[in-house]
2 protein chains.
Amino acid sequence: MARGFVTAEEVARRAGVSRSAVSRTFTPGGSVSKAVRKKVLKAAQELGYRVNRLAQGLNNDRSNLIGVVGANLSSPFISKQLDALSLGLLRRGSQCLLLNAADARKDIAPLIELLFEFRAQAIVVLSGEPPASIIDECIANGVRLVLINQSMDRTDTNIVLSDDSHGADLAALRLRAAKCRKVAVVTSGSQTPAQMRRANAFTKRMIAEDIEVVSWSDGPTTYETGYRAGCELLKDNGIDGAFCVTDLLALGFLDAARLEMNRRVPQDLSIVGFDDIPQASWKSYQLTTIAQSFEALTEKVLAALDSDEPEIRLQVVPVSMIERTTAR
Amino acid sequence: MARGFVTAEEVARRAGVSRSAVSRTFTPGGSVSKAVRKKVLKAAQELGYRVNRLAQGLNNDRSNLIGVVGANLSSPFISKQLDALSLGLLRRGSQCLLLNAADARKDIAPLIELLFEFRAQAIVVLSGEPPASIIDECIANGVRLVLINQSMDRTDTNIVLSDDSHGADLAALRLRAAKCRKVAVVTSGSQTPAQMRRANAFTKRMIAEDIEVVSWSDGPTTYETGYRAGCELLKDNGIDGAFCVTDLLALGFLDAARLEMNRRVPQDLSIVGFDDIPQASWKSYQLTTIAQSFEALTEKVLAALDSDEPEIRLQVVPVSMIERTTAR
DNA sequence: GTGAAAGCGCTAACAT
DNA sequence: ATGTTAGCGCTTTCAC
């Protein structure tokens, strides 16, 4: 094991300059003469020198690392989110320290603590709710914390979320327009804040409209859960509409409706989803859904990281109705 | 900005011990008396002390960071892979520095260089081929490099891949069993090594079996590309079988066949995919495909990272045929 | 078992 | 513009 990257010291010796000259050469604003810079670059090149960012960060207390924690990284929605975020972070010049929480409910606190140890500059949470103590620690240590699509309760941290209530409202209105008289609202058993907001807003609106709603909630947020929901709920022949708070659920529900429960969609049954994951536009589904904008969400997150002084607190991103074919 | 985590120094002062005592307390094998350890822990707790891993890593030249670079992070296959990998890494006690390559062909070299600067212990490449110079640099600096599903050419680095040729062979045999007489093999225009291996092995076998094969190749590796392939290829009424080297392509192809080109699958046309992404098992598709094992792949990657002495070079993971409903 | 001291690779005053 | 010096927070000999 030839452990050992070349150090600035060695480069300096080879170039016949001081080691600060080397440092300056590799520092954006460093004042070095062209001649020296050239010599240094040459020596560095020959030796295969790489700045040591760990040492660099140790000095000026900035690791350049942005911690990202999330669960369920392979779900269509989260992976889209992560894709956009990691790209944006890189473009912004910071790196992404990714911590995968096996279980969003439990694992997230220790992961954030780990991020503290790496002196992450900021922390972005894709799923799960950090306990208050963690949030306090972030504040105490100047680590900016951004929560995506989580609860809106805490006012002392940055929150970026889609306009779930409005989206749910759009869904409700759409189902009313489809003349539904008894609708199901299906959520997973994980009861995430976003799902709750959607389900609650939807239900509230439906009740106001005097439309009967039956709630279903169980299992993980997966296609299979949606499928099961469809099989169970559609035994009831009265249900003629469904709002699935997540596209994954909606797609499963849709398949169950058509393939298992012999419903024609949208003739017998109207379905509206939420998220607009890529699969929602696939020809076999053509799901009518409420779109979250990954780009806008990411942009707001980056904004929250960049803004230095007036801490941005709550940013809500607009959603939009994507009309496809599953609602009459 | 109250920048500033508590340092070991401060903890030491508060606990009334030396700072080495603090260090030892937080070092797995450190020899400290119970009494001191307790005092230190108490002080650390009260002050909210967090070990600084950057400083720690600076010392013993191990950052504990594993670099992961990949493109297309939101594609079903890659995201599954990343999910499993990041989880495995975490369990193994190392963290995952994720770099998202916007373009797998070009961006990957600079990203790996960035990883060098962070003194990543090892680097896992999910997509893209690092140039030889980078591989040499890894070797020179003792950074273990693992490539997943890339080319098999280089013998001086760790390569983990699925048995593409065998998988393609299974697909070919399956299509022969379906009595196909003219088959299409569809790949994306990105010509990744894995796709090439699959297409080549398939074609070779089909020729040996005296079955006509027509190749199609274009665009990015997406559902839409598969759909387009279907629309274009199925103008030819003679085609009665298709091997899509990726499930995403296969799903698009399947939709085009049924929904646009009026083919009954599998009666008129048999389709086999590759990867076994989650969507392949969705009720609307039920795609017959060749499964890669994410778990096995990940396990091999971790093994390649862990094995210290005899460098593991090439590990090929078996694939298996998943019989569903799209092949006669 | 414990403290003192040296040093990891770097940057940032501070001189010159 | 350049070199010298002093840390950044930690671990690790080395004495005791």
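Atoms considered below: every heavy atom in the structure, side chains included; atoms not considered: hydrogens, waters and symmetry mates. A, B, ... follow the sequence lines: proteins, then strands. Residue 1 opens every chain.
Residue contacts for A/T7: at a heavy-atom cut-off of 4.0 Å it reaches the sugar-phosphate backbone alone, with no base atom in range. Using a 4.0 Å heavy-atom criterion, one finds that A/F26 contacts no nucleic acid atom at all. Nucleic acid contact for B/V22: none, since no nucleic acid atom lies under 4.0 Å from a heavy atom of the residue.
Whole-Å rounding puts the A/N60 CG to D/dA6 P distance at 20 Å. Atom C1' of nucleotide D/dC10 and atom CG of A/D61 are separated by 14 Å, given to the nearest angstrom. Between B/R19 atom CZ and C/dG1 atom P the separation is 21 Å, expressed in whole Å. Between the P atom of C/dC10 and the CG atom of A/N52 lies a distance of 5 Å, rounded to the nearest Å. In this entry the distance linking NZ of B/K38 with C1' of C/dG1 reads 18 Å, nearest Å. One atom, CG of B/N64, and another, P of D/dC10, lie 16 Å apart when rounded to the nearest Å. In this structure, A/L54 atom CG and C/dT11 atom P are separated by 12 Å, rounded to whole Å. As a whole-Å value, the separation of A/N59 CG from C/dT11 P is 7 Å.
Side-chain atoms of B/T27 do not come within 3.5 Å of backbone N or O of B/G30 as any donor-acceptor pair.
Here the straight-line distance linking atom CD of A/Q95 with atom CG of A/L65 works out to 7.0 Å at 0.5 Å rounding. Separation of atoms CD (A/Q121) and CG (A/L97) is listed at 12.0 Å; rounding is to 0.5 Å.
Defined by atom type and a distance below 3.5 Å, a donor-acceptor pair is missing between the side-chain atoms of A/D164 and A/Q195. For the residue pair A/S18 / A/S20, a side-chain donor-acceptor distance below 3.5 Å is found, with atom types taken as modelled.
Taking 4.0 angstrom as the limit, B/S23 places none of its side-chain polar atoms (N or O) nearer than this to OP1 or OP2 of D/dT12. In this structure, B/S18 reaches the C/dG3 phosphate: one of its side-chain N or O atoms is under 4.0 Å from OP1 or OP2.
Residue A/R119 places no side-chain atom within donor-acceptor reach of the base of D/dG9, judged by atom type and a 3.5 Å distance cut-off alone. Taking only distance into account, the side chain of A/R53 never meets the base of C/dG9 through a donor-acceptor pair shorter than 3.5 Å. On a pure distance criterion of 3.5 Å, no polar donor-acceptor pair joins the side chain of A/S31 and the base of D/dT2.
Listed candidates were D/dT11, D/dG3, C/dT11. Nearest to the side chain of A/R24 is D/dG3. Of the candidate nucleotides D/dT11, C/dA4, C/dT11, C/dA4 has the atom nearest to the side chain of B/S20. With distances taken from any side-chain atom of B/V17 to the nucleotides D/dG7, C/dG3, C/dT2, the minimum falls on C/dG3.
Between A/A35 and A/A55, the residue anchored nearer the 5' end of DNA chain D, judged by the nucleotide with its closest heavy atom, is A/A35.
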